[in-house]
Every structure is written in structure tokens, then in C-alpha cells.
Amino acid sequence: MTNITRRNFLKISAAGTATAILAGCSQETERWVTLEPYVRAPEEQLAGVPNYYATTCRQCPAGCGVIVRIMNGRAVKLEGNPEHPVNRGKLCARGQAGLQLLYNPDRVTGAVRQDERGSRKFDSVAWNDAINTIYEQIDAAGSGVGVWLGSTTSGHLVDLFTRFTEAIGAPAPVRYDLYAGFHGYNALQSATGALLDGAGLPTYDLGHADTVFSFGADFLGTWLSSTGYGVEFGRFRSQPFGQRGYLVQFEPKMSITGAKADRWVPLRPGTEALVAQAIARIIADEQLGSAERAERAATLAGDVDVEEAAAACEMPVEGLVELARAFAAADHPLAIPGSAVAGANNAAEAIAAIQALNLIAGTVGQPGGMSVTPALPDAPLAAPPASTFADATALIERMNAGDVKVLLVHGANPAFDLPAGAGFVEALANVDLVVSFNPLVDETSVHADYILPDRVYLEGWGYSVATPAFGGVPVISSQQPVVGPLYDVRSTGDVLLTVARGIPAAAQALPWTDEVAFIKEMITALPTGAAGGQDEEVRWARYLQHGGWWPVEAAAETPAVIAEAAPSVPPTTYQGDEGEYPYHLHLFMSVLLGDGSGANQPWLQSTPDPMTTVSWQTWVEINPATAKELDLEHGDIVEITSPQGAITLPVYVFPAIRPDTVAIPIGQGHHDLGRYAKDRGANPLALVGLETDASGNHLAWSNVRVNIRKTDDKRALPRLESTIETDEEVHIPF
Amino acid sequence: MLESRADSSPFWQPHDPEDEHLAEQVEHGREEHLLLDPLPPAENNAIVLESMNKTGKAFWMAVLGLGGLTLAFLATWIVQIFSGIGVTGLNRSVMWGPYIANLIYFIGIGHAGTFISAALRLLRMDFKRPIARAAELITLFGLAVAALFPIIHVGRIWKLFYMMPIPNQRELWPNFRSALFWDMTAITTYIIGSTLFMYLALLPDLAMARDHSTGWRRKIYRALALGWRGTEGEWHKMESTSNILSYVIIPVMFSVHTGVSWNLAMSIQPGWHSTVFGPFFVAGALFSGVAAVILVMIVIRKTMRFGYFLREEHFNAMGLFLLIMSFTWIYFYFAEWITNWYGNLPMEKAIQRMLTGDLAPLFYLMLFANIVVPVGTLWSRRVRTSLPAMFVICVFIQIGMYIERVVIVSGFLSRNELPFNWVNYTPHLPEVLITIGTFGFLALMYLLATRVVPIIPLWEVYEGQAMQATRRIGRAILPTRTESH
Amino acid sequence: MADNTTEHKWTMIVDLDKCTGCQACVVACSAENNIPTPSEDEILRGRGNQWIRIERYWEGEYPNVKARFLPVFCQQCGNAPCEPVCPVYASYHSEQENLNVQVYNRCVGTRYCGNNCPYRVRIFNYFAPHFDEPLEQQLNPDVTVRSPGVMEKCTFCIQRIRRGRETANAENRPLEDGEVVPACVQACPADALVFGDKYDENSRVAQMVPNERQFKLLEHMGTEPAVYYLKGGETHVGE
């Protein structure tokens with residue numbers, strides 16, 4: 001690895017200060033994107049010689065560091081930042097496709113106004129007029145301002161908006177989108193907080209673990225930080241002495257993590273916690289593993305009848321005992337709660353029950369164990385937690401009540417991300433002014449009065465507090481413009497600071513001349529990080545050059561265990577009557593499209609899904625036995641109905657899914673968002689209701705039941721794999 | 001047995017009018033055999049010349065219809081050139097489709113002409129005399145159309161000259177190791193050889209036409225006849241050159257279809273990589289080629305009133321020939337298939353696809369057309385000499401052989417070593433239009449040629465008739481051939 | 001002068017135990033090599049034009065079902081079936097790079113090489129490449145955008161190899177192991193892809209090739225690929 005570091009050091013040293021300053025203060029974007037005679041070219045630009053700049057990926061909330069290859073003023077390739085503690089030089093498919101957000105043909109090219117919401121008729125307006133209007137409306141609204149942000153919204157905007165709302169007395173911004181709902185940031189954090197002292201988002205040292213029980217966490221595909229975990233997985237598979245680890249994946253439908261698992265257990269949806277509890281119980285009862293483990297198990301194992309649990313989750317008792325034995329005997333066992341658990345109506349308790357296995361293992365904070373993402377050293381910049389579903393619905397209620405006069409949306413697409421029943425679009429009718437800062441005309445922007453497109457992340461400033469962080473170091477990933485803005489777009493931070501200047505309370509809270517000043521002040525306040533540098537300017541330059549700030553070494557402290565008793569887990573209940581809706585619905589994020597914001601990037605649309613090799617479409621995965629029973633084959637259009645709604649989509653007969661479960665990827669089904677995404681596939685969120693867990697904080701999206709009805713239609717799915725049906729066993733050539 | 005050479009006399013020599021038995025025998029011989037039924041040259045010439053000059057309503061309708069097909073072909077081709085090969089149904093596994101199948105097929109039907117002409121000439125089979133020209137024309141046009149297909153097939157037609165060994169400054173030559181290059185060489189040689197061979201034999205007839213026509217035709221024929229006067233020296237030179245060409249063209253003919261088959265066999269595509277492909281393809285080519293010649297014979301006999309020249313004996317002989325070719329083809333097909341089937345390699349499972357899969361209808365239709373139809377009927381002389389029956393049989397054989405080509409090219413390509421990439425091929429409109437259009441193009445060229453080129457080699461007929469003699473054996477008088485060579 | 005003129009044997013190792021099928025390499029390759037986006041219709045027609053294909057094979061039946069990923073791209077055969085069949089030497093073996101290269105300018109598009117490739121990794125440009133404006137701005141200036149009617153395939157990112165060697169030559173030092181990697185290797189999160197010069201004894205690939213899990217894809221075809229696969233393993237506990 002030293003080679004890569006050295007090589008990239010050379011690359012990165014070309015980057016840094018010069019660009020940062022030039023790109024930052026320049027409004028004359030043209031000189032970055034047009035060909036210029038050599039005599040007038042910027043000094044670091046040579047035709048045919050690439051420059052490399054470090055910045056942060058915003059295609060998902062993980063916060064990976066990227067290095068952008070710039071040639072002749074154009075970004076031509078995104079590569080992982082080898083120094084970055086999260087992705088360590090690697091970059092996933094979605095990250096690679098970020099170029100297609102920058103050069104997306106459907107970007108909004110300037111400030112626009114829409115006279116009639118939903119008409120999709122946009123008139124361009126002068127930026128100053130638009131900002132003036134917004135300023136006046138906000139000024140008049142007083143505290144009646146709502147801010148809706150997404151997980152991929154830059155950290156500095158979250159901080160700025162938080163300060164802004166605080167100053168004008170409005171409720172804090174809501175930061176909720178599909179990532180927040182599906183990854184269950186909040187649930188993970190709060191459930192872990194019940195077990196550990198001072199908890200943040202849990203992080204798992206997969207690379208040093210030897211026995212991993214993943215309860216539906218598709219950490220190689222989409223879960224939390226898939227590139228980071230992908231790197232960890234590579235290490236997990238190449239352990240010392242030829243060990244390759246033991247990965248057990250419990251999930252109703254095989255994800256790519258399930259495909260790589262040594263053992264794939266098609267568990268009944270909603271019984272993940274039950275399995276974890278039963279394993280703990282068996283460790284306690286049979287005194288498995290070391291004495292300490294058995295002892296801890298005795299405290300933390302719930303009062304679970306193993307036989308009943310086995311029956312409920314449809315696993316043989318012997319199988320559970322075997323798993324318990326493997327877990328207890330391992331040097332570094334690890335249990336990971338996945339997305340589906342976070343979407344159950346007992347989310348927090350179920351996560352706690354699974355995390356309890358890590359406490360039993362006694363590996364918290366140890367190599368190969370669970371730890372929490374460390375807090376930043378006394379930094380004013382927050383590691384902004386994702387909001388809960390309750391926060392989101394509260395904002396919608398405020399909108400309905402007419403308490404929100406101005407709604408500002410950035411980086412989120414609630415009209416697409418929320419179940420239809422949440423009534424976000426309807427609530428917009430009660431808002432006087434809706435402003436979207438999104439770069440594309442998405443489902444939410446369609447209902448906006450103004451679209452003031454922000455710079456996309458490759459053109460804009462920002463930072464991102466990596467969630468989760470790896471290796472025990474907190475990471476602030478830097479984001480700087482690597483190319484000049486393509487269009488007449490303005491950074492939302494600057495727009496906000498301009499608006500704030502006119503509102504006395506806000507002006508005091510937000511005194512910075514522009515967002516760069518704010519970011520610089522925040523960053524230079526940090527102690528010297530791994531990038532080094534004593535002087536403020538040097539630290540700032542190195543921060544940009546190396547891709548962020550992180551400490552030289554991990555903090556040694558381990559979070560103390562505060563859990564004293566077994567978390568009690570209420571049983572999962574399902575939405576929908578079993579007779580009427582006989583199938584479980586398993587929703588999963590597409591490895592390529594993520595939450596669907598990538599749906600307008602042709603690379604992501606056209607790259608096949610790893611498990612089904614389908615591209616460009618939504619499909620429903622159905623077990624061959626079920627398909628036979630319902631007389632379905634590949635490409636038959638079925639109607640999937642839940643108590644909340646119905647969607648029609650083609651069938652993919654999928655051999656690795658439970659017969660009583662159907663699985664649908666999220667990400668397609670856009671009405672807007674651009675030419676590649678529009679009117680393509682279906683959005684399965686229409687099937688999800690508004691049920692939450694007992695606390696009301698977390699949307700219960702994973703316990704929905706559905707029915708399948710065959711229609712007469714058929715539609716061939718674009719599959720890369722051979723579409724030839726053969727009765728014979730296919731010969732695998734390796 | 002023969003009493004003396006003096007007993008042998010030309011057949012048309014007036015016989016003793018008293019000898020009724022002899023007269024009956026002569027009459028019978030005249031009915032049965034063209035060569036025993038000489039007409040005065042003027043009458044013969046008139047039949048051929050009239051057929052060439054007559055362009056009735058049906059003719060123009062045919063020209064219009066076939067011209068329409070040709071235009072459809074050209075238009076589709078232009079669209080394909082401008083849009084890209086992507087308009088066809090080819091995919092990532094099946095990169096060769098009907099264009100290559102058409103190449104093989106059209107070379108196949110072009111095959112028989114020169115074979116009939118040259119091989120039968122060397123074997124002194126007299127029945128080929130009136131057929132030779134018609135067959136050679138099929139060769140010529142079949143090859144011309146076949147040679148179009150590699151051009152239609154390639155992705156960048158505008159760079160096709162890279163395939164020619166054109167001296168150039170960078171010393172970039174074609175790859176002599178490539179079977180495609182061998183194939184191209186063989187086809188080019190064959191086209192040139194066949195053209196020469198046909199043209200040589202055409203000279204006396206062109207001269208005849210020149211001498212009997214007026215106006216623009218006369219001008220054309222005068223130019224084309226190259227000043228043929230019919231001197232002894234000219235005849236002698238033509239004869240010896242034709243003989244040499246006959247010997248040369250036969251191996252070239254074998255090389256052409258072997259070359260085509262090696263395009264497939266030299267690859268490592270399962271199902272193609274077979275040693276039997278060379279002779280197998282030659283046999284298949286002759287099979288479809290002979291059937292094509294018979295089809296043309298039937299059509300021109302009917303439409304151009306060639307009842308005098310094309311008689312039952314010719315259809316009978318060609319029918320027998322066809323039957324033999326059918327057996328040959330069956331043998332090779334079986335030899336090729338049983339090895340594939342017996343080997344049962346997973347990637348050669350394309351065979352399963354034909355036996356029981358989606359190609360089964362095509363496959364069984366092919367077996368029916370190529371085996372059941374000819375073998376089941378051609379043993380009967382009555383069938384062989386019935387024009388409608390022969391027409392139907394030959395059409396079946398064309399269909400069967402066409403299917404065979406398509407199945408071999410696209411069927412096998414759809415199965416390969418990595419099952420993930422098994423993709424079936426379905427034709428799209430462009431290749432259908434181009435294929436049908438080229439059939440029309442071929443027919444159109446042939447149709448127009450029949451009005452320009454004397455389609456019956458009159459001099460060969462005369463020569464044959466002149467060589468006929470009778471021999472008296474006891475009371476019987478038998479037709480024999482003179483030993484003039 | 002550093003000696004970078006000696007022969008290299010560029011070699012790729014694909015560790016199937018680590019390949020998660022995440023498609024990062026596929027998109028990285030598309031970005032690096034200016035591969036046009038295959039439309040839905042193209043994929044329905046069985047085309048698909050990414051240079052890397054993650055083949056997914058099912059094994060067994062539910063519930064004991066396994067999915068196996070097999071990334072397949074040009075194997076840079078030492079004895080390549082695509083080379084002799086090309087009538088114009090568009091597909092030929094570069095002695096200098098020890099790679100199987102495709103000369104786009106020379107290709108007439110007979111597609112013979114495509115048929116003859118047992119791995120089916122040769123991609124034909126059925127249509128002219130199209131990039132909606134301004135997507136064409138992301139194109140890598142180091143790589144040609146291929147015209148319609150030519151064959152293309154994975155090049156092991158030869159443009160990176162060249163650039164790396166030129167840089168090393170200019171700096172008067174030998175090319176180091178790991179200094180040059182194709183885009184797919186660079187992207188691969190799990191480190192399933194390893195790239196290097198097998199003639200360099202100290203390189204990572206040279207040391208990884210002698211491995212009991214090592215095999216070559218379709219080895220029986222005698223193509224002598226430069227891509228080595230490491231078989232995926234399985235850990236059994238208890239069972």
C-alpha cells in the first residue's frame with residue numbers, strides 16, 4: 001500500500017492551495033471550462049497533463065474521499081483518495097458516476113421561477129431578484145420557516161441552516177430522506193446509546209473479525225458505508241495464516257453480502273432479533289465459549305425460549321446451537337444489525353438485542369469488534385444526526401397547520417422519498433413559498449416556486465463528517481470545487497448568508513462573508529490533524545490537499561458498557577392481514593441507484609444489478625416455487641398490493657429468496673428528475689404505510705405484507721445474463 | 001461386334017425410307033433425345049433469338065416486382081450503413097447472422113453452374129449441353145450476390161479496402177493467416193475463372209446473335225463477340241482453352257466452399273470447429289446448386305418456350321444428380337451431427353436447441369425438405385420428369401438448405417463456453433428485407449440477362465448433334481457419339 | 001537511464017473470494033475508457049457493451065442456493081484466438097506491451113474476432129457512440145471514442161501503462177509495482193483485483209500467482225490468458 005500512497009502523494013501535491021483559492025473566489029467560470037490559448041492558460045494547466053484534486057463524494061451519505069482527475073479544466077475521472085480513512089483509495093459504482101451528476105444534461109442551469117406549481121414551466125429569473133424575494137418572504141415569515149435537508153447535504157449547509165433556524169426561532173432543520181429511513185442512522189445510534197456510554201453511530205471492525213453474523217446488513221452493497229466495508233471485507237477474507245473468516249448472513253432475500261457469505265440463512269422477515277436473542281440464550285445456557293462470555297450472556301440474554309424462537313424464525317434448534325457455538329468460540333465475533341431490522345416496528349429494541357451479542361462477545365472497542373464513531377474534538381461543526389421519521393412528520397404537520405410560510409429544500413426529495421400516505425405534496429399547498437436548491441428538477445422541485453440550483457458537489461464547497469468512520473478516527477472530509485461551475489448556479493451557503501444579512505437576528509448568528517470563510521473558520525479551529533501543518537493557512541491548504549481532517553491516531557478510549565439487563569424485544573407485527581396479503585415485502589436499495597437520486601445518471605441506470613443483472617428497470621423478485629404456484633415467469637407483469645397501495649412491475653424469478661417473500665429494489669419510479677430517470681420502473685414506497693415503532697420515531701417499512709396478482713401483460717426485463725431458459729443444470733465453467 | 005467403321009453414320013443422315021423399323025427408331029430417338037433431333041440451324045437460332053427479343057407484359061411485371069425488391073434491398077442497406085449494424089438483431093454473442101448465412105447460401109447455389117459445366121464437360125456427359133449456359137449464369141450472379149454479403153456484413157464498409165492486398169507505404173498487408181482472407185481470395189478467383197469460362201463459351205453464340213440482330217443489340221453483340229468469325233483456329237483455341245479452364249476451375253470450386261466453411265471451422269466456436277465442414281459444405285453447395293439449376297431450367301423452359309432444348313432426359317438426369325447429392329449431403333450432415341450429439345459437450349448444446357428447443361420447427365422443416373422430400377420422391381422417373389413436381393421439390397431443397405445455413409451460423413453462435421452469454425438471435429426487419437431483396441436482385445439480374453445472353457449454348461448443341469451417329473448392330477440402330485476428339 | 005524498455009508481462013489476478021459483484025469496476029471502466037451507455041433497448045437485444053461483465057451463476061436450489069460472481073474481461077491471451085482470424089491485423093499481439101491490442105483505425109468490423117473469443121469479451125460498436133450534452137465533457141482525452149462498426153475490448157488501461165512508463169522514464173527510474181493500475185483495479189473496494197508485471201519477481205502478482213486456488217478461465221482452450229483467477233473458498237463451521 002505504501003506505493004499507492006506515495007504515488008498519490010505526488011498527484012495530490014499538484015493540487016491544493018492554488019486551485020482552492022482560484023476556484024473559490026472566481027465567478028468567472030468560463031476560464032475553467034473553455035479552451036484557452038496556451039499563453040493565457042492557468043499556470044498549473046498543461047494540455048494533456050492531468051491535475052488531481054481531493055474532494056468528497058456526495059452520492060451517498062458515507063463521505064468517502066475522492067480524487068478528481070482534471071484535464072483541460074474538465075473533470076474526467078473520480079478515484080478514491082488513498083489517504084482517506086473511510087474508503088482508503090477505493091470508490092464504488094455510485095461514487096464513480098458522480099461525474100454524471102456534474103455533467104448531467106438535465107441540470108437546472110440557473111435560478112428559475114415556477115408560476116404554477118407542478119406546471120413544469122420554469123422561467124428564468126435573475127439571481128438577485130430571486131434572493132430578494134426569498135429574503136422578503138423569510139423576513140416576513142418570522143419563525144415560520146421550514147428547512148428540509150437530506151443525508152447527502154453538505155455538513156456546512158446543515159450547520160449553517162441549523163444556526164439560521166436557531167437565530168430566527170424556527171425549529172431545527174429536518175434531515176430526513178430515504179437514506180435516513182433505510183439505513184436507520186437514528187435507530188442505530190439511539191439503540192446503541194442504550195447499551196454503551198456516549199454512543200454515536202456504531203462502526204464494525206470487519207477487517208479484524210473472524211466470525212461475523214450479519215442480520216440483514218448489506219454492507220457490501222448499500223448499507224451505511226459500502227466502500228469502507230468493502231475494503232474491510234477484503235481484509236476479512238485475507239486474514240493471517242490463510243484464515244478467511246466466517247460470515248453468516250441472515251436475510252430473507254440474498255443480497256450481494258449474502259452471496260459472499262459462507263452461510264446464507266433465509267430468515268423469516270422480522271425474526272432477526274429473535275435469532276440473536278436465542279443465540280445469546282444458548283451461549284448462556286450451555287456455557288459456551290469463555291467463562292466471561294457465558295457470564296455476560298447470562299446477564300444480557302433475554303428470557304427467550306429457544307425452541308419457541310426456533311419455531312418462530314423457522315430454523316432448527318440444532319442450527320441455532322451450531323451458530324451459538326461458532327459465535328462463542330470465535331476470537332473476534334461480530335454481530336451487525338442491518339437495514340431491515342431498523343425498519344421493523346421494534347427497531348430500537350431489535351437492534352439492541354443484536355448489539356447485545358457484541359457485548360457478550362466482549363469485543364466492544366477492540367480490534368474486530370463494534371465501536372462507535374468517535375465524536376469530533378470540541379468542534380463547533382456538528383456530526384449532524386439524521387432526523388427521525390417523527391421529525392419529518394412533525395414538519396409536515398406544521399406545514400399543514402399553516403405554520404410554515406417558507407419551505408427550503410436542499411439535497412432531499414421528500415415527494416419521492418416518503419410513503420405517499422405521509423402527505424408531503426398535499427401539505428405543500430399550505431406553504432406560501434417553496435424553494436428547492438436541488439440541481440435537477442426532481443419530484444419535490446416540481447412543486448417548488450423557485451429552484452435556486454446549488455453547485456453540485458464537484459463545483460462546490462463543503463465538508464462531510466464521515467458516518468460511520470473507520471479505524472476509530474473521526475473524519476471530516478473536505479469538499480472543494482474541482483471545476484468551475486458549469487452553469488449560472490450559486491452555492492446555497494452563499495445564498496443563505498446573503499439572506500441572513502438582511503435579517504438582524506440571523507445576521508448576528510451568521511456573520512461570515514461567504515461559505516468559504518465559514519468553512520475555513522470551522523476547520524482551522526480544529527487541532528492539527530494527520531495532514532499536519534502548524535500555521536493556519538498551511539493547515540487549511542493541507543486539509544484541502546489531503547482530502548480532509550482526521551487525527552493522526554485513533555483515540556484509545558473504549559465506550560463503557562452501560563447495559564445491565566437484556567433488552568426486551570416486543571415481537572414484530574406485520575402490516576396487513578396474513579390471509580389477504582400472504583407475502584412479506586422486502587424492500588432493498590439498489591446497489592447502483594441507491595436511494596434513487598442516482599437514477600438520472602446513465603452509468604448507474606445501465607450497469608446491471610449484481611444479483612439479477614437487470615438494468616434500467618424495477619423488478620420484483622419471486623422465488624421459483626412461488627412463481628410456479630402463481631404461474632409466473634420472467635417478465636410477467638404483476639400487481640403488488642399492500643394495505644396502502646399497489647404497483648405493477650415485471651417479475652424476476654429469483655432463486656435466493658424465501659417463498660413467502662417478495663423483494664423490490666428502491667430507486668426507480670421517478671416522474672421527474674430527468675430524461676434517464678423519468679417514467680421508468682415503479683416506486684415501491686407506495687406500498688409502505690405510516691406505521692412506526694413504539695417510540696414513533698422510526699418508520700416501520702420492513703414489516704409490510706403484500707399480495708401478488710398476475711396481469712395479462714408481459715414485459716421483457718433488460719437482463720445482461722443469458723435469458724435462455726434451460727431445464728438442464730447450467731454448466732458453470734469454473 | 002461392330003462390323004466396320006463404315007456402318008457408323010451420322011444420325012440425321014437420311015435413312016432408307018423403306019426401312020420402317022429404322023424410321024420408327026429414328027423417330028423415337030428424336031423424341032427422346034435432343035441430340036438426336038437436329039433442326040436446321042436457322043430454326044434453332046430463331047427459337048433462341050425470339051426468346052431473347054420477346055418482352056411481354058409478364059416480363060415487365062416481373063422486372064417491376066424484382067426491381068422493387070432490389071430497391072428495398074438497396075434502401076435498407078443504405079439505412080444500415082448510416083445507422084450502424086445495430087439495426088440488425090445481432091447481439092454480443094451472435095455477431096454473425098443471416099448475412100454470413102446468405103453468403104454461404106448464395107455461393108452454394110452458384111456452385112453447381114460451373115461444376116455442371118466443367119466437370120460434365122470433362123466427363124463428356126452430353127446432357128449438360130443445353131443446360132450449361134443457364135447453370136453458368138447462376139454461378140455468375142450467385143457469386144456476385146454472395147460477394148455483396150461480406151460487404152453488407154462488415155461494420156465499416158468504407159474501410160473495406162484494408163482487406164485487399166494493396167501495396168501501401170506503411171507496408172500494411174492483410175493477414176494471410178485469416179480464413180476470411182483465404183475465402184476472399186478463393187471467391188475472387190472463382191468469380192474471375194467462372195466469368196472467363198462462361199464468356200469463352202459464349203463467344204460463338206454472341207457472334208450468332210450479332211449476325212442475326214440489328215440496331216443497338218447488334219452494336220452490343222458486335223462488341224461482346226470480340227470479332228468471332230468461327231475459323232478453325234478460333235474453334236481450336238476455344239476448345240483447348242475451355243478444356244484447360246475446366247480442369248482449373250474444378251479445384252477452385254472446391255476451394256471456394258471449403259474456404260467458406262473454414263471461416264467457421266477454423267474458429268474455436270463450439271459446433272463450428274469441425275473437420276468435416278469442408279466437404280460437408282461442398283456437398284451442401286452442390287445439393288442446393290443443382291436444385292437451383294433445375295429451378296431455372298423449369299422456369300426458362302416454361303417462359304421462354306425451350307421445350308425443344310430442355311427435355312425430359314435433362315430433367316431426368318438432373319433429378320438423378322440431385323438424388324445423389326441429397327444422399328451425399330445426408331451422409332455429411334449425419335457425420336457432423338452425430339459427433340456433436342455424441343460428444344454432448346455443454347457448449348455444443350445448441351443441438352439440444354434444435355432437437356427439442358426453440359429451433360426445433362426450423363430443424364425438422366429442414367430435415368423434411370432436405371431428406372424426406374428428395375429421397376422420398378426422386379427415385380421415381382415419373383417424378384423426375386414432371387416439371388411441377390420437380391419445381392416443388394427444388395423449392396423445398398432451397399428452403400431446407402437456407403435454413404441449414406442460418407442454423408449453423410446463428411444457432412451455434414448462440415451457445416458458447418460461458419453460459420452467461422448465451423443469447424438467442426432473432427432476425428429484425430433490416431436483415432429480412434436485405435435477404436429477400438437480394439433474392440429479388442439475383443432474379444432480376446438473371447431475368448435481364450436472359451434477354452441479352454443466348455441462354456442456350458447453341459454451338460454446343462450443334463456440336464453434340466453433329467457428334468451423334470448411328471451404329472448398326474444386327475438389325476438395331478443405336479445412337480452413339482463420334483470419336484471426334 | 002532507467003530500463004523501462006524490457007518486456008513486461010502485465011497480469012491481472014481476480015480473487016473470486018473477494019469479488020463482491022458491486023460493479024464499481026464496471027463503472028470505473030466506463031468512465032476511464034469512454035464507453036457509451038447501453039440503452040435499455042440495446043440490453044434487451046442482448047448487447048450490453050461494458051468491457052467488464054460480472055457474470056453471476058446460480059448454484060444449487062433454495063435454500064441451499066449460492067450465487068457466484070465471475071468478473072470477465074479481456075484475458076489478454078498469450079495465444080489469442082482473436083488474433084489470427086482478423087483479416088486486417090486490427091486485433092494483434094503487441095510485443096512491446098505483451099498485450100492483445102485492438103487497432104480501432106484498422107478495424108473493418110468483420111466481427112470474426114468476436115465470434116472466436118471464447119470469453120465473449122469483445123464488444124462491437126453497433127451504433128455510433130452518443131453522449132447527451134454535456135456528458136461528453138467527462139470523456140477521457142487519453143482514450144479514443146470508437147467509431148461505429150469497430151470492435152473494442154478491455155485494454156488493461158494501456159493508456160495508463162504508457163503514461164506511467166513515460167513518467168518513470170522522464171524521472172529516470174524504473175516503473176514500480178503498483179504504480180500503474182487499470183481503473184477497475186483502482187476502484188475495487190475489496191481488493192479483489194490485483195495488477196502488475198509478472199516478469200518482475202517482486203511484484204505482488206508474481207508472488208500471488210503460485211497459489212493453490214489459482215486457475216485460468218477456460219484453460220482447456222489453450223489461450224494462455226494473462227488473467228489468473230483465485231477460486232472462491234468457503235468456511236464451514238460446525239456443519
Side-chain angles (χ1 to χ4, degrees), chain A residues 3-4 7 48 71-72 74-80 90-93 96-97 99-100 103 105 220-221 226-227 230-231 233-234 237 244-246 254 256 259-260 262 266 322 325-326 486 591-592 602-603 606-608 610-611 613 615-617 623-624 655-656 716 718 720-721 730 732-734, chain C residues 17-18 20-24 26-28 30-32 37-40 43-44 46 48 50 53-59 61-63 65 67-70 132-135 137-141 176-179 183 186-192 215 217-218 229 231 233-239:
Chain A
N3 292 322
I4 288 177
R7 172 169 56 89
M71 269 190 119
N72 308 334
R74 293 173 177 179
V76 296
K77 183 79 171 57
L78 300 183
E79 291 159 3
K90 306 301 185 179
L91 199 60
C92 72
Q96 298 275 354
L99 288 177
Q100 296 199 323
Y103 295 121
L220 297 177
S226 57
T227 307
V231 175
F233 177 76
R237 280 296 184 225
R244 58 183 293 286
Y246 182 54
M254 190 182 276
I256 63 171
K260 296 314 290 176
D262 298 288
E322 214 169 73
R325 205 165 275 148
L486 232 58
V591 172
L592 291 148
W603 280 337
S606 66
T607 303
M611 295 306 288
T613 76
S615 46
W616 290 103
Q617 277 300 332
N623 184 287
L720 184 65
E721 65 180 340
V730 169
I732 300 178
F734 64 100
Chain C
D17 209 14
K18 291 184 185 174
T20 65
C22 70
Q23 310 280 353
V26 177
V27 180
S30 298
E32 175 74 20
T37 309
S39 69
E40 182 176 358
I43 296 170
L44 279 170
Q50 281 112 345
R53 204 172 50 226
I54 311 247
E55 303 195 348
R56 189 267 301 111
Y57 290 100
W58 292 114
E59 214 177 272
E61 275 185 26
Y62 181 86
V65 57
R68 301 216 179 282
F69 296 118
L70 177 74
D132 288 326
E133 267 187 67
L135 280 176
Q137 294 203 21
Q138 92 215 344
L139 294 177
N140 183 358
E176 282 175 40
D177 184 36
E179 188 176 339
Q186 193 178 16
C188 180
D191 207 17
F215 73 101
L217 194 58
L218 305 181
Y229 288 84
K231 220 175 173 58
E234 215 163 283
T235 305
H236 295 278
V237 172
E239 299 153 67

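Just so it is clear: chains get the letters A, B, ... in the order the sequence lines come, proteins before strands, and each one is counted from 1. What you see is a predicted model; the values in this text were computed from it and never measured.
- Ranking G46(C), A28(C), G48(C), S30(C) against chain A, the residue ahead of the rest is A28(C), based on heavy-atom pairs under 4.5 Å.
- Residue A31(C) touches chain A through both its backbone and its side chain, counting heavy-atom pairs closer than 4.5 Å.
- Counting heavy-atom pairs under 4.5 Å between each of E32(C), Q50(C), K18(C), K231(C) and chain A puts K18(C) at the top.
- Between chain C and the residues C92(A), P266(A), G221(A), P655(A), the largest count of heavy-atom pairs under 4.5 Å involves P655(A).
- Side chains of Q23(C) and I54(C) form a contact here, defined as non-hydrogen atoms less than 4.5 Å apart.
- Of the listed residues (V231(A), T227(A), T613(A), L99(A)), the greatest number of heavy-atom pairs within a distance under 4.5 Å of chain C belongs to V231(A).
- Looking at E133(C), only its backbone comes within 4.5 Å of chain A, counting heavy atoms on both sides.
- At distances below 3.5 Å, not a single donor-acceptor pair connects side-chain atoms of Y229(C) with backbone N or O atoms of L70(C).
- At a threshold of 4.5 Å between non-hydrogen side-chain atoms, the residues D262(A) and R244(A) count as touching.
- No side-chain heavy atom of L91(A) sits under 4.5 Å from any side-chain heavy atom of E79(A).
- Ranking A187(C), S39(C), A183(C) against chain A, the residue ahead of the rest is A187(C), based on heavy-atom pairs under 4.5 Å.
- The candidate from E40(C), R56(C), E234(C) with the greatest count of non-hydrogen atom pairs under 4.5 Å with chain A is E40(C).
- Put simply, the side chain of W58(C) never gets that close to the backbone of A656(A): no donor and acceptor are under 3.5 Å apart.
- Heavy atoms closer than 4.5 Å to chain A are found in both the backbone and the side chain of L135(C).
- With chain A as the partner, the residue from P63(C), C22(C), P38(C) showing the most heavy-atom pairs under 4.5 Å is P38(C).
- Among P602(A), P624(A), S615(A), the residue with the largest count of heavy-atom pairs under 4.5 Å with chain C is P602(A).
- No hydrogens or angles considered: a donor-acceptor pair under 3.5 Å links the side chains of Y57(C) and E55(C).
- No part of L78(A) comes within reach of chain C, as not one of its non-hydrogen atoms sits under 4.5 angstrom from that chain.
- Judged by distance alone, the side chain of T20(C) and the main-chain N or O of L220(A) form no donor-acceptor pair under 3.5 Å.
- Here the side chain of Q100(A) pairs a donor or acceptor atom with the backbone of W603(A) at under 3.5 angstrom.
- Chain A forms more heavy-atom pairs under 4.5 Å with one residue of P189(C), A24(C), C188(C), P141(C) than with any other, namely P189(C).
- At least one side-chain heavy atom of K260(A) sits less than 4.5 Å from a side-chain heavy atom of F233(A).
- Per-residue heavy-atom pair counts under 4.5 Å with chain C were compared for A716(A), A259(A), S606(A), and the maximum is reached by S606(A).
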